[in-house]
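All values below come from the heavy atoms of this structure, side chains included, with hydrogens, waters and symmetry mates left out.
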Amino acid sequence: MKRIVEIMISIILVCSLAGCAPNLTTEKISDLNDGYVCEYRYGKNAKYSTELVDIDFEFDEQMFVNLYNEKAQYNPVYLRNHIDQCDLKLASGSEEVSKMLDTEISIRAAYEDTYEEVVVYEYNDDLYFFVLNMGGRTEKDKEGWYFMRVSDTLQTYWKQLTSQIYQ
């Protein structure tokens with residue numbers, strides 16, 4: 001048993017030292033359970049913020065489900081080996097990355113003891129999902145932050161929300 005734990009710790013350590021920080025994919029959802037409350041958070045690390053943004057925005061359950069499922073389709077493990085399929089790459093440590101991380105918006109359907117969440121970012125007036133951060137230890141040309149653009153149909157609806165939050 002001790003040997004298995006050592007092997008698992010070694011694998012985690014190797015992955016973290018290689019700069020590979022995949023965001024595990026989530027399963028798709030078909031609807032939201034009754035009793036949820038809409039919550040919005042904004043700013044760098046909005047996902048972990050306790051401060052909620054209070055805006056006048058009509059939350060559409062189906063649009064949230066669509067956004068959640070679109071994000072869930074991006075598998076970072078797959079994308080790591082197919083970097084060319086990502087829509088946007090920003091250089092690690094660049095001012096662009098810092099500016100983009102400042103635009104983070106967490107959109108949640110929160111329940112009493114859990115929540116469903118989607119995080120989006122804005123770059124050049126388009127919304128993106130963060131999918132992968134690659135270190136450059138073994139492949140310098142792949143180092144960077146990778147994002148997938150939110151589809152056009154969802155851009156239109158969710159930009160109404162983000163424009164209110166950014167004001």
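- Residues meeting the side chain to side chain donor-acceptor pair (under 3.5 Å) test with Thr162, sequence neighbours left out: none.
- Lys71 contributes a side-chain N or O that, together with a main-chain N or O of Phe130, makes up a donor-acceptor pair within less than 3.5 Å.
- At a threshold of 4.5 Å between non-hydrogen side-chain atoms, the residues Trp158 and Val120 do not count as touching.
- With contacts defined as side-chain heavy-atom distances shorter than 4.5 Å, the pair Glu117/Ile107 does not qualify.
- Between Lys89 and Trp145 there is no side-chain heavy-atom pair separated by less than 4.5 Å.
- By the 4.5 Å heavy-atom criterion applied to side chains, Glu143 and Met134 are not counted as neighbours.
- Within 6.0 Å of CG in Asp84 there are more than 12 heavy atoms belonging to other residues, nucleotides or ligands.
- Side-chain contact between Met100 and Tyr128 is present, with at least one heavy-atom pair separated by less than 4.5 Å.
- No side-chain donor-acceptor contact under 3.5 Å links Tyr42 and Glu51.
- Interatomic distance, Ile105 CD1 to Arg41 CZ, rounded to the nearest 0.5 Å: 13.0 Å.
- When the side chain to side chain donor-acceptor pair (under 3.5 Å) test is applied to Gln62, the partners found at least two apart in sequence or on another chain are Asn66.
- In this structure, CG in Leu79 is found 8.5 Å from OH in Tyr74, a value given to the nearest 0.5 Å.
- Of the inter-residue distances, the one linking Glu27 atom CD with Tyr68 atom OH reads 8.0 Å to the nearest 0.5 angstrom.
- Note on residues 75-121: pairs passing ring pair (Phe, Tyr, Trp, His ring centres under 6.0 Å), not counting sequence neighbours, are Tyr78-His82, Tyr121-Phe147.
- Within the 3.5 Å criterion, the main-chain N or O of Arg108 finds no donor-acceptor partner in the side chain of Glu39.
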